[in-house]
Every structure is written in structure tokens, then in C-alpha cells.
Amino acid sequence: MEILEHMAFGLKVALEPTNLLYCFIGVFVGNLIGVLPGIGPTGTMALLLPLTFHLSPVGAIIMLAGIYYGCQYGGSITSILVRIPGEASTVITCLDGYQLARKGKAGLALGVSAIGSFIAGTLSIFGLAFFSYPLARAALRFGPPEYFSLMCLGLVVLTFLARGSMLKSLIMALCGLFLGLIGLDPYSAKPRFTLGFPELMDGVGIIPLVMGLFGIAEVLSNLESREKAQIYETQIYGILSSLKEWLKAKWSILRGTAIGFFTGIIPGGGAVLASFLSYALEKKLSREPQKFGEGVLEGVAAPESANNAAAQSSLIPLLSLGIPPNVVMAVLFGALLIHGIQPGPFLVKDHPRVFWGLVMSMYVGNAILLLLNLPLIGIWVRLLKVPYRYLLSMILLFCLVGVYSVNNSVFDIYLMVIFGIFGYVLKKLDFEPAPLVMAYVLSPIFETSFRQSLTLSGGDLSIFFSRPISFTCLTVAFLLILLQIASPLLKAIKDRK
Amino acid sequence: MRGQNRDFLAGLAILLLGLFLARSSTKLGLGAASNPGAGFFAFWIAISLSIMGFFLSVKSTLGIGARSDTPYSGQRVWLKPVLLTVLLGLYGAFFKILGFPVVTFLLIFIVFRWFVEEGTKRAVLLSVSITSLSYLLFSVVLGLSLPEGILSSILRGL
């Protein structure tokens with residue numbers, strides 16, 4: 001009952017005219033960004049972050065979160081209609097969504113995708129409200145060793161699930177941890193690795209870092225690309241199709257929601273993994289798995305529900321433990337800090353307006369998206385015909401102005417360009433930048449909890465193994481690393497035999 | 001450059017970077033385990049980084065987890081990214097001297113004319129429109145403090 005009262009309070013906050021407006025702007029921009037390939041939610045949130053400084057913390061966070069889940073809706077439109085995934089989380093939707101469109105069932109695929117996303121979003125919000133609150137209360141009992149071990153596990157799981165090599169992801173995470181240490185030492189106030197620049201005394205800003213790695217690096221990479229998108233012209237009708245078709249997809253939507261919800265909570269999980277897992281499960285459960293990829297409705301319903309559920313549930317570890325499970329949440333973590341709010345167990349208690357307002361704004365946002373998404377499909381498709389080269393100058397401009405406006409500092413522009421080059425090189429070498437950003441965000445808490453634990457134990461490392469939660473987290477982390485090291489070695493030995 | 005060779009060099013660079021950072025961390029003071037100094041945590045991260053770099057080099061030498069690379073196209077694909085990076089550096093250098101409207105116009109014009117390969121007239125038109133609209137949005141509507149530079153007297157008179 002207490003939670004329902006809190007939810008009612010959150011709904012009241014979310015329905016305040018200004019917050020409603022920011023929610024609308026957030027989901028609208030998110031939807032737009034989801035449609036456009038090459039611009040992701042991370043970059044967009046970073047671009048718009050400086051513009052939120054003038055807003056109230058609740059409004060700013062509602063708007064930024066709206067961009068993320070709005071993206072999941074928008075990305076599916078292009079996947080279904082033009083086989084260009086606007087977002088990585090909608091890549092799998094291309095397989096059956098586009099085939100359905102080719103069979104003249106684009107409307108049905110879009111309808112199932114939108115309504116499936118709405119159902120998944122709604123159920124996830126309730127899950128978020130019911131899980132976050134008790135989890136935050138439990139986390140209040142966590143001490144520095146538990147926090148340190150939990151973050152170790154989070155980073156290892158993130159690198160384990162990251163795309164590509166785990167070793168490269170671990171390197172990125174270590175680079176992020178190191179970047180987070182630049183600036184004054186929190187205990188002795190000694191400058192660390194500032195290279196004599198007074199601008200670095202406060203550390204490397206999250207905005208130059210994220211804008212460089214995701215905005216500038218993306219622009220630099222796209223300058224190499226000469227590909228032109230082919231737009232498949234199709235008629236869109238039957239969005240609100242027959243009940244029989246809907247009923248066919250109901251279990252897929254529910255299974256997708258469940259997978260998405262739990263995958264979203266896992267560090268490194270998020271919407272991308274959720275969509276792939278749910279598609280694989282649907283294929284496995286299907287009586288006609290061979291038809292997957294040829295235009296099966298379940299192949300759209302499940303991943304679309306899963307990615308939206310994951311987008312919402314990924315807020316659980318951020319809001320209740322203060323640990324962002326993916327890079328988008330890391331940017332949101334940075335945004336909360338900029339607005340003077342520390343994410344973690346105290347958030348619910350100290351800032352109930354922000355917590356419950358955000359949770360319930362997502363319900364409102366999902367409803368807005370459902371109403372907004374379907375009528376705007378025609379406009380979004382036309383927008384896709386705008387060549388990326390025209391968007392390039394706008395992205396550059398937003399990056400430059402956005403990064404400068406934070407501190408009115410040209411130094412930040414240089415810093416962003418340096419991170420842009422770094423991000424471009426990382427892409428060339430197949431290093432994923434997401435673990436770097438997450439580790440960078442966690443670095444100060446990581447170091448503090450490590451040093452506090454050692455001070456508490458008088459330098460005895462067994463403090464991390466003598467507490468049950470800490471021991472469990474570290475054991476799981478160790479096993480995951482071992483598994484990752486052992487599997488390619490065993491494979492190599494097997495191949496040589 | 002082949003993928004394995006590239007990974008070997010990347011691993012080597014990370015190994016050396018880690019060692020350099022570890023050495024720099026010791027200068028900050030490691031302290032004791034019971035009272036860690038400013039460089040303690042950084043030192044262990046740098047050492048871990050070196051170890052990972054070493055593993056990456058070894059892994060690429062042994063060919064574990066090697067993947068097929070996209071073939072080298074022979075085109076100078078890196079030229080535009082390098083030129084844009086230089087341009088962004090110059091944008092920063094002249095940002096306060098020439099002011100936001102002038103440097104933005106020049107940047108957008110160069111991007112449209114030489115990167116997007118638009119005609120001169122169209123590039124000028126697009127650059128003027130984008131610069132004016134962005135100045136209106138950022139400076140007038142959102143109230144961001146952007147340097148006006150050499151156009152300050154004209155802009156203040158408007």
C-alpha cells in the first residue's frame with residue numbers, strides 16, 4: 001500500500017505541466033533519434049545535458065530518461081520499414097519486421113511493436129517501483145567492502161557481456177577507472193595526473209568525455225562511410241489489426257517483457273542483449289523455428305517488448321544502488337550528480353520527488369509514445385531520406401556549443417576533440433568505449449570504498465572475503481574471468497588436436 | 001594492417017602506458033595498506049592495465065580469438081577524419097578571438113564545401129542559415145554565453 005501511495009505521489013509530480021512538457025520533449029527527441037541511424041541515445045543525452053542546467057532536477061532527469069526509452073520505440077520503425085536499425089537494440093527486429101513489411105504487413109508489425117513496447121514498459125514500471133524501493137532499503141546496510149565488491153562484479157559482468165573481446169573490455173574499464181582518478185585526491189587534496197592544467201583539478205568532465213567518445217568519434221567514423229541507405233517504399237495499413245493476430249503475439253510480448261526486465265538489471269545487459277535473448281527464446285519455443293527470419297510476428301513482438309522493458313528496468317540498479325548497469329545510465333548518473341543528486345540508496349529518502357516523479361513519468365512517457373509513434377511514422381520515414389552528411393554539421397555544432405557552455409571553457413573543446421580522436425582509434429582497434437565510461441563514472445566511489453575498506457581493516461585484504469555479500473560478489477566475478485580465459489584456450493587446444 | 005598485428009601493437013602500447021602510469025603513481029605516494037596514499041589505487045590500476053596489455057599482445061601472437069579483418073581498400077579513408085580533427089582544433093583556437101558566429105560559419109562552410117562536397121553557393125547559404133539559427137537558439141533563446149568576438153559591436157547593436 002505504501003508503494004501505491006508513493007506511485008500516486010509520483011504521478012502527481014509527473015503530471016505537473018512543466019514536467020509533462022519535458023517528458024514530451026524527451027520522448028519526442030528520443031523517438032527522432034531512434035529513427036536516425038548513427039546518433040544513439042548516449043550521444044544525444046550528452047548533447048542535451050548542458051541544456052538541462054537551467055531546468056529543475058526532476059524536469060531534467062525526466063527529459064533525459066525519456067530520450068532513452070523513446071529511442072527504443074523509434075528504432076523499431078526504421079528496422080521494420082527500411083531494414084536500417086536506428087538503434088543496436090532493434091537490429092534483431094530487422095529480420096522478421098522487414099520481411100513482414102515486404103509481405104504488406106508493415107502496419108501489423110509496427111502496431112505489435114508499439115503496443116508490445118507499451119505493455120512491456122507499463123509492466124516494467126511496476127516492477128521498477130516494487131523492486132527499487134526494497135533494494136534501496138537493503139543497500140542501506142552495505143558497507144565499503146560490499147560496495148567495492150559489488151562494483152567489481154558489475155564491471156566484470158559488463159565486460160563479460162560486452163560486444164567483442166572481454167580482455168579489451170577489461171582494458172577499457174581500467175582506462176575508465178584511471179581517467180576517473182584525474183584531479184584532486186579526495187583525502188590529501190593532492191593533484192593527480194593533471195599534467196599542470198588547472199582545468200583538470202576538478203577532474204575530467206563527463207560531458208567532454210561522452211561527447212568526444214560518442215559524438216565526435218561517430219562523426220569521424222561516418223566520414224569514412226560511403227554507403228547509401230535504400231528506402232523500401234511500402235504502404236502502411238492495418239496498424240490496429242485483428243484481435244486474432246494480437247492474441248497470437250500475447251505470450252511473446254509477456255516473455256519478452258520478463259526477459260527484458262531481468263536483463264536490464266544486469267550490468268552490461270540492457271536493451272541490446274534483451275532483444276537478442278528474447279528472439280532466441282521465441283525461436284526455440286516455436287513449432288516452426290525455420291520460419292523465423294521470413295516474417296514471423298513473434299519475431300517482432302518479443303524483441304520489441306524486451307528492449308523497452310530492459311530500458312526501464314536498467315534504472316533499478318542506478319536508482320537503488322547508485323550503480324549504472326549500462327553506458328546510458330552512466331550518463332544519467334552524471335546528470336544526477338550535476339544536478340546535485342547522488343544516485344543510490346538515499347535517493348528515495350532524500351529526493352522522493354525525483355525518484356517517484358521519474359518512475360511515474362515513464363508511464364506517462366510510454367502513453368505519449370504510443371499516441372505519438374503511430375501517427376508520426378510517415379514523417380519519420382521521410383526524415384530518413386535526409387542524408388547523414390547534412391546531420392553531421394548539426395551534430396558537430398551541438399557538441400561544440402554543448403561542451404563549451406558547461407564551463408565557458410575552450411579547454412573543454414580541446415578535451416572533447418582529444419576524446420573524439422581516442423574514440424575513433426578505439427573503433428579502429430575494435431575496443432568498445434562503453435565500459436570505459438561506466439568505469440569512469442564509478443571510479444571515485446570505487447576508490448573511496450576500496451580505501452575506506454583498507455583503513456577499516458588496518459590494511460587487511462581479507463575484509464573483502466570475510467563478509468558474505470562481498471565474498472559472493474568477488475567469487476562470481478573471479479569465476480566469470482576464469483570462464484572467459486579458459487574457454488578460448490580450451491577451444492584452441494581442441495582445434496589443434 | 002592485419003588484426004593480429006594491430007592487437008599486438010595495441011597491447012604493447014597499453015603495457016608501456018601502464019608501466020609509465022604506475023611509475024607516475026609512485027611519485028604521488030603509495031602510503032601503506034592501512035592508510036593508502038594518493039597514488040595507491042592508481043598504481044594498482046596501472047599495473048593491472050600493464051598485465052592486460054601484456055595478455056593482449058600474447059593473445060594476438062598466439063592467434064587466440066583472431067578474427068577476419070575487412071580487406072584494406074587502398075583508399076585514404078582516414079584523410080577526412082584527420083582534416084576534420086585539425087579543423088576542430090582550429091575552431092577551438094579561434095573561438096574566443098573571432099567569436100562564435102564567425103568560426104561557426106567558417107567551420108560549417110568548410111564542412112559543406114569540402115567534406116559534403118556541396119557547391120560554393122549552396123555551402124554559403126547553408127552555413128549562413130545554420131550559423132544564424134544556432135546563434136538565435138543558443139545565445140538568444142537559451143541564453144548561453146557565447147563569445148561574439150569581432151562581431152560584438154554589430155551583434156550588440158541589433
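All values derive from a computational prediction rather than experimental measurement. Within every chain, numbering begins at 1; the chains are lettered A, B, ... in the order of the sequence lines, protein sequences first and strands thereafter. As a basis for the values below, the full set of heavy atoms in this structure was taken, side chains included, without hydrogen atoms, waters or symmetry mates.
Around CZ of B:Phe115, the count of heavy atoms belonging to other residues, nucleotides or ligands within 6.0 Å exceeds 12. Within a 6.0 Å sphere centred on CZ of A:Phe411, heavy atoms belonging to other residues, nucleotides or ligands number more than 12.
Ranking A:Ile216, A:Asp460, A:Leu184, A:Asn408 against chain B, the residue ahead of the rest is A:Asn408, based on heavy-atom pairs under 4.5 Å. Most heavy-atom pairs under 4.5 Å with chain B: of the set A:Leu170, A:Leu396, A:Leu397, this distinction falls to A:Leu397. With chain A as partner, the option from B:Val111, B:Leu28, B:Leu17 having the largest number of non-hydrogen pairs under 4.5 angstrom is B:Leu28. Contact count against chain A (heavy-atom pairs under 4.5 Å) is highest for B:Ser25 among B:Ser25, B:Ser24, B:Ala46, B:Gly29. By number of non-hydrogen pairs under 4.5 angstrom with chain B, the leading residue of A:Tyr187, A:Phe193, A:Tyr404 is A:Tyr404. Top candidate by heavy-atom pairs under 4.5 Å with chain B, chosen from A:Val425, A:Thr455, A:Ile418, A:Leu400, is A:Leu400. Ranking B:Ala10, B:Ala42, B:Ser134, B:Gly18 against chain A, the residue ahead of the rest is B:Ala42, based on heavy-atom pairs under 4.5 Å.
Using a 4.5 Å cut-off between heavy atoms, A:Pro191 contacts chain B through its backbone alone, with no side-chain atom that close. Using a 4.5 Å cut-off between heavy atoms, B:Ser127 makes no contact with chain A at all. Only the side chain of B:Leu126 comes within contact range of chain A, judged by heavy atoms closer than 4.5 Å. If you measure heavy-atom distances from B:Glu117 to chain A, you find no contacts under 4.5 Å at all. If you measure heavy-atom distances from A:Leu454 to chain B, the contacts under 4.5 Å come from both the backbone and the side chain. Only the side chain of B:Ile14 comes within less than 4.5 Å of a heavy atom in chain A; its backbone stays farther off. Using a 4.5 Å cut-off between heavy atoms, A:Met416 makes no contact with chain B at all.
The side-chain contact (heavy atoms from CB on, under 4.5 Å) test applied to B:Leu136 returns B:Val140, not counting sequence neighbours. Under the rule for a salt bridge (Lys or Arg N to Asp or Glu O under 4.0 Å), the partners of A:Arg451 that lie at least two apart in sequence or sit in another chain are A:Asp185, A:Glu447.
Note: A:Met172 CE to B:Met52 CE = 12.5 Å, rounded to the nearest 0.5 Å. From A:Leu174, atom CG reaches atom OG of B:Ser48 across 5.5 Å, with rounding to the nearest 0.5 Å. How far CG of B:Asp7 is from CG of A:Leu167: 9.0 Å, rounded to the nearest 0.5 Å. Distance CD1/A:Ile171 to CZ/B:Phe55: 10.5 Å, rounded to 0.5 Å. We find the CD1-OG distance between B:Ile45 and A:Ser443 to be 5.5 Å, quoted to the nearest 0.5 Å. Expressed to the nearest 0.5 Å, how far CG of B:Leu84 lies from CG of A:Asn222 amounts to 11.5 Å.
In terms of heavy atoms, A:Ser393 sits closest to B:Phe112 at OG-CZ, 3.5 Å. Here the closest heavy-atom approach between residue B:Pro81 and residue A:Tyr424 is recorded as CG-OH, 3.4 Å. In plain terms, the two heavy atoms of B:Leu56 and A:Phe431 that are nearest each other are CD2-CZ, 3.8 Å.
At a heavy-atom cut-off of under 4.5 Å, chain A is reached by B:Phe95, B:Lys96, B:Phe100, B:Thr104, B:Leu107, B:Ile108 from residues 95-108 of chain B, listed in order of number. Residues of residues 33-40 of chain B placed with any heavy atom under 4.5 Å of a heavy atom in chain A are listed by number as B:Ala33, B:Ser34, B:Pro36, B:Gly37, B:Ala38, B:Phe40.
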* Asked: Could you walk me through whether B:Phe138 and A:Phe398 pass the ring pair (Phe, Tyr, Trp, His ring centres under 6.0 Å) check?
  -> CA-CA 10 Å; B:Phe138 295 123; A:Phe398 264 90; 5.4 Å; yes

* Run the numbers on A:Leu220 and B:Lys80 for side chain to side chain contact (heavy atoms under 4.5 Å, CB included), then give the verdict. => CA-CA 8 Å; A:Leu220 294 176; B:Lys80 279 186 178 179; over 6 Å; no

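Using a 4.5 Å heavy-atom threshold, the side chains of B:Leu49 and A:Phe178 count as separate.
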